[in-house]
Each structure stands twice: as C-alpha cells, then as structure tokens.
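Reading through the structure tokens given below for one structure.
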There are 2 protein chains.
Amino acid sequence: METKGKRILIADDEPDILEIVSYNLGKEGYEVYTAKDGNEAIERAKQLNPDLIILDVMMPKKTGVEVCAILRSQSLFQDTMIIFLTALSDEASHIKGLETGADDYVSKPISPKVLVSRVNALFRRINKDDGKTLKIGNISIDPVKFIVEIEGKEVILAKKEFELLYLLASKPGRVFLRNEILSQVWGMDVIVGDRTIDVHIRKIRQKLGVDCITTVKGVGYKFEI
Amino acid sequence: METKGKRILIADDEPDILEIVSYNLGKEGYEVYTAKDGNEAIERAKQLNPDLIILDVMMPKKTGVEVCAILRSQSLFQDTMIIFLTALSDEASHIKGLETGADDYVSKPISPKVLVSRVNALFRRINKDDGKTLKIGNISIDPVKFIVEIEGKEVILAKKEFELLYLLASKPGRVFLRNEILSQVWGMDVIVGDRTIDVHIRKIRQKLGVDCITTVKGVGYKFEI
DNA sequence: ATTTGTGTAAACTTAATGTTAACATGGAAA
DNA sequence: TTTCCATGTTAACATTAAGTTTACACAAAT
C-alpha cells in the first residue's frame, strides 16, 4: 500500500503515547503530526488537513469527542477519518464515539501493532486519492497549483468553480446528484438557492470553452469528454 | 442513515449469536441473512452479493479467515465489507484478520449495541449506495453513469425511462405487475393515468431499438432478451 | 476609498420530460 | 365474425428542471 504522503494528526496529552504512536506510524511511512490538547488539535487540523486524526478522548481544553464534533461540522473535515483513543472501555462511550462520526475506536492500553493495523485497514478501504492532478483527455486539473489546463492553455477558475469541476472530474462519467454536489462542495449544512449550482456550472462551461459537463436532467451532472 | 436494502450476511455456528445479531441488525433496517459454517457462508455470499459479511473466526468446515481469503480473491467481493467476530482477543489474530482484508474486528462476547454501532459506522463511511451495473446479454445499464449501452453503443434515456428499464432489468425474466412498476418507479402515492406506463415502455423500446421488453397481457411487463 | 473578483439570489426563458387523451390495433372469447 | 379489452401509438399539452441574465452583497486586493 501507498502510505507515503498520507498525513496523520495525533492528539494526546501523554507525551509517551504521542511518541510511541508517532514512531510506529512514521515507520510505516506516514507523515505524523502531533497536538497535546483539544484546541491545538483543532488548530493543527485546520493547518494540515490531515487524512486521519487520532484523538485521545480525555484531553485538556477540549475532549476528543468535542474536537470530533467541531471538526465534523465543517465541510473540510467531512471526509477526514477519525479514530478515538481511550481508556474508557465501557460500551456507552464506545457507541457515543462512533455516533459522533468516528471511524474507529481503540482502547488503551494500546498496542502499537494493533493501532497500526487498524490505521492501515482504514487507509486500505478509503484509498483517498486526493490531491492528485487529474488528467482527462487534454484537460488537466491540478488542485495543488489550483490550475486547469486545457490543450496546454491555462484557464483560471474561481474557488467554487474549481472545486465543483474537480469533484465531477474525479470520477469521470459518474453522475453526481445535486445534493451530492451541494454537500461535497458547499457542505451539508449550507443552504443555497436552487439555481446556484447551475450558475457555477455555466461559468465553468463558459471558461473551459469545451463541452465536458453533461446534464442528466432530473438527476445531476457528470464530467465527460 | 438509509439502511434499507443493505444486505448483511452473518456466519456463525452458534445459533444464539446468529439470532441475537440478526434481530438487532434487522431492527436497524438491514436485510439480514445467515449461514452456519464456512462453506455455507461462501455459497450464500455468492448468491446474495451482500454489502457486508460478518464472519465468525471459529467455524466448522472453513474458518472465517479462510472464507475471507477465498472471497477476497474474487473480484466480485473486492469491495464487500467484512467484519470478523471472534473469541480470540489476542493481538496476533487481531492483526492477521485485518491484514487478510477485513474492515473491522469485534471480540466476543459481543455486545449487540457495539456491533450495530460498528456496522453503522462502516456503512456511514463507505456509503456504498450506488446501484450496480446490470449486464444482460449485450445490454449494460449503469446507474452510476446513468448510461445504457447496447452493443457498445450509448443510448440516452430520460430519468423515468431509465428507472423503469433498470427495474425490469434488475430481475430479467420476472414479470412486473403494473402496480409494482407504479409503486417502484413513480412511488405509491402518485396517481398517473393508465397509459402512462405504456408510453414510457414505448419510448424505451424505440430508443433501444432492440426488443427486450415483453408484454405479458393482463399482467405486466418483463425484461427478456 | 475604490476597484475587482467571487458567490448567491431572483426573475425570466428555454428546453426536456412526463402525462393525458383520443384513437388504432390486434388477439381472444363469444 | 363480431365484440371486447388490453395495449400500442401519436400528438398535444402540462409540468418541471435547467439555462441565462442581471443585480447585488461581500471580501480581498489595490
């Protein structure tokens, strides 16, 4: 598996745990970052946009569950994987963690091997292939440089336009429903008018000059050459 | 979450466990199927193509790990989620399970609540709600791309036409009563005239150019090559 | 402070899609 | 054969979704 470049943020107030987990995940090839309390975790998460966040439940400033809830409410962290780390092995907190939107739950005392296994399993399943430059036909979409090139010519898109195009192009041919688009690009909680998506689609079509977005009436839009 | 229609196969040799797990998952809205040994698990998995398989590690005929390995080697089960259920709480088997390609691992004695939570968490993450591409003869119907291909040539259907065709083709040969078609495609509450279905059937026949929808007079329609 | 770019809303137009109604057809039963 | 009934066919019509344009609010840049 390709672990390289996968960013993991781990938050725990016990330096020993931070160290042992960092070491073991680092050995697997992950980029590991740390935070020592809830507030720092949120701050670093926003800076780093990690692929996975491992949260101790019992932390100063904010508990892991609180951090999770706060992050999950933001569209940026909708797809970020979260694992809880806790000494509480009781059932109630277990369920609460998963309901809050965590992807897994590991009880202390943790075995580094088990943790690494679980992390690998999560990454294997998700295989989040983001950040990659998409190349479809003569169109290339680079989310790092924030550039769209079409037949070698650079086209400048606004943020929302870019995100929308990137989403569609990430799975060429696949139809994205309007509410999928809304929740991915705008975020679940945001409410925008009916015509907003259309307007953005229009701008993209206009700027690209090439007809690569197909309307599937009553269903959604898809990227196609 | 929409749990309806998600199929779960659970394999365990202890009837008590089968029952309690079936009951609890059923209550959540999942369609639950059971198997009582490794061979039966494989057989039923092939029949049912479930979204999730819960495997007891210690089973007669074949162990859960063996079943997992066999299924994972087939492309059909590449994306099927698998959870192991085991009394062995030792680390070694834990890791081995995940390495074989399981998505999670739950130790006995299991708490139904914990299991249900984990199942929900897995489904929430994966959200494998895309329908499958149907392939009957030289016709393929892809609900993700919203495309019908016939002899490699793309045919564009409108939403209702597509839904209707997809319904019929989902069970080739089986006759769908007009009522069934109405409630599946239009929704139970919607009232439309008598000729509406016919008109849509006609359009599909016209667009496909191939006669694959058979009228069963006085009864309904069926998809057939 | 002014300009520029971006995102959203509103009003309106256009086009695709869905439905109806009227009539045609064709097969089965009387 | 004639009648009847379910379905096929067609075109008109209704409905709904999407496209378009303009305007405006807001934030960032100058």
Side-chain angles (χ1 to χ4, degrees), chain A residues 74-76 146-148 154-168 175-224, chain B residues 143 146-148 154-168 175-224:
Chain A
Q74 301 182 26
S75 64
L76 182 60
F146 211 81
I147 281 175
V148 177
E154 188 173 312
V155 176
I156 292 161
L157 295 184
K159 185 160 161 267
K160 279 259 158 30
E161 292 159 14
F162 189 91
E163 286 170 359
L164 178 44
L165 177 64
Y166 191 80
L167 174 67
L168 296 181
V175 178
F176 288 84
L177 311 181
R178 282 171 161 264
N179 36 30
E180 282 182 301
I181 295 175
L182 277 180
S183 68
Q184 301 274 332
V185 178
W186 273 264
M188 321 244 204
D189 35 358
V190 183
I191 302 156
V192 290
D194 260 4
R195 303 268 61 74
T196 302
I197 293 180
D198 311 44
V199 173
H200 285 272
I201 292 279
R202 177 165 186 279
K203 287 183 189 156
I204 296 171
R205 283 173 170 157
Q206 218 166 26
K207 287 186 180 176
L208 294 193
V210 185
D211 187 27
C212 56
I213 297 177
T214 309
T215 304
V216 182
K217 222 176 158 155
V219 187
Y221 294 94
K222 62 179 167 179
F223 185 94
E224 244 181 355
Chain B
F146 213 84
I147 279 175
V148 176
E154 189 172 311
V155 177
I156 291 161
L157 296 184
K159 187 166 165 247
K160 279 254 157 41
E161 293 159 16
F162 190 91
E163 287 170 357
L164 177 45
L165 177 64
Y166 191 81
L167 174 66
L168 296 181
V175 179
F176 287 85
L177 312 180
R178 292 171 95 84
N179 289 335
E180 286 182 301
I181 294 175
L182 278 179
S183 68
Q184 299 273 330
V185 178
W186 273 262
M188 348 236 180
D189 36 356
V190 183
I191 303 155
V192 289
D194 258 5
R195 303 269 61 73
T196 302
I197 293 181
D198 310 45
V199 173
H200 284 274
I201 293 279
R202 177 168 185 278
K203 286 184 189 154
I204 296 170
R205 283 173 169 158
Q206 214 168 29
K207 287 187 180 176
L208 295 193
V210 184
D211 187 27
C212 56
I213 296 177
T214 309
T215 305
V216 182
K217 221 175 154 162
V219 187
Y221 295 94
K222 63 177 169 179
F223 184 94
E224 243 181 357

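Computed over heavy atoms, backbone and side chain alike; hydrogens, waters and symmetry mates excluded. Residue numbering restarts at 1 for every chain, and letters A, B, ... go by the order of the sequence lines.
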Given [N], is OP1 or OP2 found less than 4.0 Å from the side-chain N or O atoms of [X]?
X         : N       : answer
Trp186(A) : dG7(C)  : no
His200(A) : dT6(C)  : no
Tyr221(B) : dG8(D)  : yes
Arg195(A) : dA9(C)  : no
Arg178(B) : dA6(D)  : no
Thr196(A) : dA9(C)  : yes
Thr215(A) : dG19(D) : yes

Problem set entry | Gap separating the CG atom of Asp211(B) from the OG1 atom of Thr214(B), nearest 0.5 angstrom |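 OG1 of Thr214(B) is found 6.0 Å from CG of Asp211(B).
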
Exercise. How long is the gap from CG on Leu167(A) to CD on Gln184(A), to the nearest 0.5 Å?
Worked result: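 If I round to the nearest 0.5 Å, the distance is 5.5 Å.
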
Exercise. When you match Asp194(B) and Val199(B) each to their closest nucleotide on DNA chain D, which lands nearer the 5' end?
Worked result: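 The residue whose closest nucleotide sits nearer the 5' end is Asp194(B).
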
Nearest whole Å is fine: how far is [N] [atom2] from [X] [atom1]?
X         : N       : atom1 : atom2 : result
Leu157(B) : dA16(C) : CG    : P     : 16 Å
Arg202(A) : dA11(C) : CZ    : C1'   : 15 Å
Asp198(B) : dA22(C) : CG    : P     : 16 Å
Ile156(B) : dA15(C) : CD1   : C1'   : 15 Å
Ile201(B) : dA6(D)  : CD1   : C1'   : 14 Å
Gln206(B) : dT7(D)  : CD    : P     : 19 Å
Ile197(A) : dT20(D) : CD1   : P     : 16 Å
Ile213(A) : dT20(D) : CD1   : P     : 12 Å

Exercise. Which part of the nucleic acid, if any, lies within reach of Lys217(B) when heavy atoms closer than 4.0 Å are counted: base, sugar-phosphate only, or nothing?
Worked result: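 Base, at least one base heavy atom under 4.0 Å.
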
For this session: Report which part of the nucleic acid Phe162(A) touches: base, sugar-phosphate, or nothing (heavy-atom distance under 4.0 Å, all strands).
Result: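 If one applies the 4.0 Å heavy-atom cut-off, Phe162(A) turns out to touch nothing in the nucleic acid.
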
Exercise. Out of dA9(C), dG19(D), dT20(C), which has the shortest distance to the side chain of Val192(A)?
Worked result: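 Comparing dA9(C), dG19(D), dT20(C) against the side chain of Val192(A), the answer is dA9(C).
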
Exercise. Any Lys/Arg nitrogen of Asp198(A) or Arg205(A) sitting under 4.0 Å from an Asp/Glu carboxylate oxygen of the other?
Worked result: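 Arg205(A) and Asp198(A): not salt-bridged.
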
For this session: Classify the angle between the aromatic ring planes of Phe146(B) and Phe162(B) as parallel (below 30°), tilted (30 to 60°) or perpendicular (above 60°).
Result: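 Phe146(B) vs Phe162(B) ring planes: parallel.
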
For this session: Using heavy atoms to find the nearest nucleotide of DNA chain C for Lys207(B) and Ile191(B) separately, return the residue whose nucleotide is more 5′.
Result: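 The residue whose closest nucleotide sits nearer the 5' end is Lys207(B).
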
For this session: Would you indicate whether Leu177(B), at its atom CG, is surrounded by more than 12 heavy atoms from other residues, nucleotides or ligands within a distance under 6.0 Å?
Result: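 Counting other residues, nucleotides and ligands, CG of Leu177(B) exceeds 12 neighbours.
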
